[in-house]
Structures are given as C-alpha cells and as structure tokens.
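The structure appears below as structure tokens.
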Amino acid sequence: MAHNLSEGSLEIIMNGGHYDKPIMQVLGSKKIQGSGANERFRLLVSDGKHSHSFAMLATQLNDKLITGELSDYSVVQIDRFVTSLLKNTGKGEKRVMIILDITILTPGTEVGKRIGNPQTWTEETAGSAPAQPAMQPVPKPAPSPKSMAKPAPTANMNVSMNSSMLSTQMTHPIASLSPYQNKWVIKARVMNKSAIRTWSNARGEGKLFSMDLCDDSGEIRATAFKNECDKFYDMIQVDKVYYISRCQLKTANKQYTSLKNDYEMTFNSDTVVAECTEDASSLPTVKYDFVPINTIAEKSPDTIIDVIGVCKSAGDLQELTAKSTGKLLKKREVMLVDSSGGAVTLTLWGNEAEKFEGSTNPVILAKGARLTEFNGSKSLSYLASTMLRLNPDLPEAHKLRGWYDNGGADMDIVNISAKSGMYTGGSNEWITFAEAESRQLGSGEKGDYFSLLGVLTFTFSENAIYKACPQEQCNKKLVDQENGLFRCEKCNREYPNYKYRLLLGANVSDPTGDQRITAFNEAAEAMLGRSAADVGQMFDYDKAGYAQLFEEVKFRTFVFKFRTKMETYSDETRLKTTVMNAQPVDYKDGNTRLIKSIKEITGVEV
DNA sequence: CCCCCCCC
C-alpha cells in the first residue's frame with residue numbers, strides 16, 4: 001500500500017507556516033504530564049523527510065492513544081492544528097504543534113514500519129530551510145481586539161498563515177499555557193462562572209469568583225480575587241468569548257476541579273480581558289458529558305459529573321444544623337429522572353435550595369455536580385462550582401421534556417438514591433444464601449448484614465401499601481376512624497390526611513437458595529421502581545395496574561443488602577431478613593467480582 | 001489569596 005506522507009510539511013510548520021491537512025506518520029508517543037483525566041501526550045511525527053517530537057495531542061484526543069487506535073507507525077491526516085512558540089529557558093523559543101483533529105488513514109499495525117528515512121529535525125536544519133516557504137500567502141498584520149484597554153500582547157504572533165487560521169494563530173491555545181511562559185493571549189469561551197464567594201480565615205479575608213474557560217485545545221479555570229473580582233465579575237458572562245492575557249499560572253489542585261488542565265490561572269492587576277466581538281462560532285461551546293441516570297450508581301463517590309433530568313419531585317426546604325461547625329444549613333432534595341429509567345436525588349444548598357421551584361417539573365441541568373455516597377446509596381450534591389440551568393434550550397432538554405410529558409412521567413423508575421436509613425455498613429463482599437447459612441448469619445444478638453446478588457422471585461402485593469402518619473419523622477400505620485379522620489397511636493392525634501408507605505414482602509433467590517424478605521419503604525420503592533405515593537395512587541384508582549406492577553417486578557435482579565436476625569414469634573423461631581438497600585446491578589463491578597472468584601476457585605489467571 | 005461545598 002502506498003503511503004504518501006506530506007514530505008516537507010514539518011519543515012514549513014516548524015518555520016511557522018501553515019500546511020493544510022498534512023499527512024504524517026506517528027513514530028512514537030510519550031506521556032509528558034499528568035495522569036488519568038489530566039494526561040497529556042507528545043507525539044514523535046514524521047513527514048517522511050523529517051521527524052520531530054514537537055507535536056502535542058489535544059487532551060480530547062487522548063482516548064485514541066490510550067485505546068491503541070492511534071498506534072505507532074499509524075499514518076494520519078492532521079485535520080486541524082495550531083502551533084505556538086514556547087519560551088525555552090536559555091534556548092530561545094521552541095515551537096509546538098497542538099493536534100486538534102486527526103484522521104487515522106492507516107493503522108500502525110498495517111503499516112508496521114517506519115516510512116522513508118526521516119532525519120531528526122533540528123535548529124541547524126531550520127537554518128538551512130527557507131524561512132518563508134513560497135507557497136504561503138502574504139502575511140497579514142494582526143488586528144488587535146478593538147476594545148482592549150491595553151494593547152494586546154503581541155508576543156509569538158506568527159503572521160504567516162492563511163486567513164481562516166488568523167484568529168487562532170494570533171492567540172495561544174489554552175493547552176499550551178504553562179507557568180514558564182507569560183506572554184500569551186488566549187481566546188476563550190466562558191463555560192461557567194461561579195457566584196461571588198467570600199472567605200475569612202487565619203490568613204485574611206476577601207472575595208473571589210471563578211470561571212471555566214475553553215477553546216479548541218482544552219480548558220482551564222481562572223479565578224479573580226478581591227479587586228479583580230469587583231473589576232471583572234459583571235463583565236464576564238457565560239457563553240461569551242474573550243481575549244484574555246497577563247494572568248498568573250499555577251498548578252491546579254486536582255481535588256477541587258474536574259477540568260482537564262494541570263494548571264489554573266489567577267487574574268492579577270495586569271490582567272487584560274476584552275470581549276471578542278467577531279464571529280467566534282468556531283470556538284467550542286460549553287461541553288456537557290451527560291451521564292444517564294441509571295448508570296450513576298456505577299461511578300465512584302466524589303466524581304464530578306454532568307447530569308440532565310426532569311425534576312419529578314422536590315422536597316420541602318429543610319433547615320438543619322451542621323454538627324461539626326454548628327452552622328445553620330438549608331437544603332432541598334430534588335428527584336431527577338431521565339429516559340434511562342433511573343432516578344437520582346440532587347441536593348441543593350443555601351440560596352439554590354431556597355429559591356428552587358419544582359412544581360412545574362422543570363428540566364434540570366447540573367454541570368459539575370458531585371456524586372456522594374451515604375449509607376450505601378448514591379446521590380448528587382450541588383457545589384459552588386456546579387452550574388445549574390433550568391429548562392435549558394438544548395436538544396437534550398427538549399427531548400427529555402417530550403419524553404416526560406408523553407408517558408415518561410409514568411415510567412417505572414429505579415431510584416439509585418433510595419436509602420433505608422437503617423443500613424449500618426457491613427462487608428462489601430457478595431455472598432450466597434448458602435454461605436449466609438453456613439456462617440450462621442442472624443444467630444447473634446445484634447443481627448448480621450450481608451450483600452448478595454439475587455433475583456426477586458415473588459412479591460406479595462397484598463398489604464404492600466399502608467396509610468402512614470403524615471408527620472415527617474413518624475411512619476406509624478394509621479387507624480381509619482371511618483369518619484374521614486385517621487388516628488396515629490404514636491402521636492396520639494387524628495389527621496385528615498396521610499402518606500402512603502410501602503411494606504413489601506417478597507422472595508429473593510440466588511443459585512444456592514432463597515429467602516423470604518421484608519422491604520421497608522425506600523428499599524421497596526427501589527425494588528418496585530415506583531414511589532410509595534405512585535403505588536398508593538394505583539392502589540386507589542387502578543387496581544389492575546397495581547396488580548400488574550407486582551407481576552412486572554418479578555425476576556428483576558438486584559444487589560441486595562440484607563440485615564438478618566433470628567426472631568421468635570410465640571413458639572416459632574425463624575430468620576427475619578430485611579432489605580436495607582436494593583441497587584440495580586453494576587455489571588462492571590459484577591464482572592470484576594466474578595473474575596476474582598474464578599481466580600480464587602480455579603487458581604487460573606483470567 | 002479559595003480549596004468550605006455541609007445533613008442524614
């Protein structure tokens with residue numbers, strides 16, 4: 001197979017010229033910094049004549065390397081790139097190429113060898129190369145942004161370029177910024193802007209706001225303190241594009257951001273920000289990486305994720321006092337659902353909790369919400385840096401609206417945030433009913449907890465729902481006074497209203513046995529995929545639907561967390577097993593466990 | 001220079 005590399009293109013690019021979609025061969029790659037989501041790779045590329053390790057892969061293309069798609073010897077077409085001059089201590093300047101888009105023409109495994117005999121490109125080679133290749137268009141002076149308060153820094157402006165590249169070439173890619181180089185201008189879109197926060201600690205006090213910026217090459221967080229906070233807060237607007245220069249760069253603390261950049265920037269008194277008034281539609285807009293709600297349970301706690309869902313219900317505003325700080329907190333729990341059939345609780349705090357209005361079932365978009373785990377179930381928490389948007393004008397949002405209003409509202413859901421409130425931990429191990437029996441779980445004084453992968457083989461629909469005391473903390477079954485009032489023996493009061501709660505009896509089986517179990521309200525909601533209120537509604541008005549629901553849930557598989565204890569009724573002693581928590585199966589986790597046990601049983605490496 | 005992001 002013929003591989004026509006763009007011989008000589010590397011030389012042109014290294015001299016600051018532009019070459020449209022050069023075809024090159026990848027000869028090697030090297031991780032230059034970061035790990036996980038923050039890795040950045042450098043490539044050794046060849047155009048057949050020269051080779052050079054000056055190419056950096058934009059982080060959004062990392063996957064191609066990691067998955068092996070972009071293997072050594074691959075022949076690629078570089079569809080989009082920018083170059084930038086970096087100050088190289090003591091050695092003048094060094095040009096880097098940031099690859100933004102790439103098409104793999106022939107996989108490395110098919111090429112299998114180096115093409116031609118490329119020579120390593122060096123400064124000496126550069127000296128012998130023409131400074132301005134003849135094929136380049138006439139250089140154009142770079143227009144400086146009109147509204148800049150100070151003249152835009154003009155460092156590194158390379159004027160040999162075609163007009164479509166002009167604005168990109170004028171500015172520096174975000175991915176190329178580092179603390180070692182301070183003469184740059186970026187052209188970036190504001191993806192997110194925080195509210196102004198104040199702080200006060202031993203080192204002083206002040207206020208700040210932060211913003212997340214992006215361009216073709218990557219993203220970065222910028223923070224403005226005190227004076228700069230006042231100066232720029234009103235000016236900076238989400239979705240707008242700005243030229244920004246003269247900021248301090250420092251290493252980002254990964255604990256507090258999910259942005260793909262090892263650095264973050266701080267505005268200082270020299271910082272220049274000017275709105276870009278030209279067409280900036282080529283710059284990426286806010287990027288969302290929506291996680292389907294039914295897969296949120298598979299993610300690790302403390303992950304920052306983007307989610308979009310319909311607010312199915314919203315709790316009341318709750319006030320509570322933080323035990324650790326004594327601070328008065330306000331929170332509101334909102335239940336989000338999407339067409340994946342999952343439901344998750346999003347907890348709003350403070351101002352956001354106070355002003356939230358969920359009665360119209362708005363579509364809620366939360367970018368950068370934190371996944372938290374409590375008592376074995378997962379939910380989302382709103383952070384200061386979370387971007388919350390109600391009914392955003394996005395295709396995903398319109399789709400969800402349509403789904404919800406056309407039957408989605410009545411869809412069976414599995415609430416991954418369902419909690420029992422009683423679960424006190426226990427081993428993370430899955431065992432079987434046979435193992436539970438052989439370990440004599442439940443025979444002790446305190447009861448035992450265990451987890452198991454099981455199938456719901458039968459559910460008892462009779463008496464699965466009851467009218468409970470409407471008081472927040474009291475779930476006592478009410479006595480119908482037959483006069484429109486219901487009596488709570490615990491509160492010693494009569495109420496005209498009640499709330500429905502579930503108390504579900506069922507059989508759970510695994511390959512080694514089965515067990516009659518009881519699931520209280522939240523666990524039962526997770527198993528039935530319906531809220532107690534919904535089930536109560538069906539019980540009252542749709543008996544057939546109610547019966548159907550209990551049929552449908554049969555043979556669903558869950559990861560159950562049980563509490564089991566021997567109890568004696570009159571003369572009979574038997575195990576009473578309660579479902580603390582029923583979660584949908586995370587098959588990735590399930591397979592890991594399976595592989596581990598295959599290894600243990602067979603001694604064979606899988 | 002923040003970096004707390006809460007509670008059950």
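Quick note on labels: first sequence line is chain A, next is B, and so on, each numbered from 1.
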**Item:** Result of checking A:Thr577, A:Asp448, A:Thr578 against A:Thr564 for side-chain hydrogen bond (donor to acceptor under 3.5 Å, both in side chains)
**Value:** A:Thr577
Classify the nucleic acid contact of [X] as base, sugar-phosphate or nothing, counting any heavy atom under 4.0 Å across all strands shown.
X        : value
A:Arg197 : base
A:Ser381 : sugar-phosphate
A:Glu319 : nothing
A:Lys207 : nothing

Output the rounded distance in Å from [atom1] ([X]) to [atom2] ([N]).
X        : N     : atom1 : atom2 : result
A:Leu317 : B:dC6 : CG    : C1'   : 14 Å
A:Asp316 : B:dC8 : CG    : P     : 18 Å
A:Lys250 : B:dC2 : NZ    : C1'   : 8 Å

**Prompt:** Any ion pair linking A:Lys240 and A:Glu275 (charged N to carboxylate O, less than 4.0 Å)?
**Reply:**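 Yes, charged N to carboxylate O under 4.0 Å.
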**Donor-acceptor pair (no angle test) under 3.5 Å: A:Glu264 side chain, B:dC3 base** = yes
**Message:** When you measure only distances, ignoring hydrogens and angles, does the side chain of A:Lys331 come within 3.5 Å of the base of B:dC6 through a donor and an acceptor?
**Reply:**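 Counting by modelled atom types and ignoring angles, no donor-acceptor contact under 3.5 Å is found here.
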**Request:** Ignoring backbone atoms, test whether A:Arg221 places a side-chain nitrogen or oxygen under 4.0 Å from the OP1 or OP2 oxygen of B:dC3.
**Result:**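 No, because none of the side-chain N or O atoms of A:Arg221 sits under 4.0 Å from OP1 or OP2 of B:dC3.
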**Request:** Enumerate the residue pairs fulfilling salt bridge (charged side-chain N to carboxylate O under 4.0 Å, His left out) with a member in residues 337-356 of chain A, sequence neighbours excluded, ordered by first and then second residue.
**Result:**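 Matches after skipping sequence neighbours: A:Lys330-A:Glu354, A:Glu352-A:Lys355.
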**Request:** Answer yes or no on whether A:Lys193 is positioned over the face of A:Tyr233, meaning its NZ or CZ is under 6.0 Å from the six-membered ring centre and within 45° of the axis.
**Result:** yes
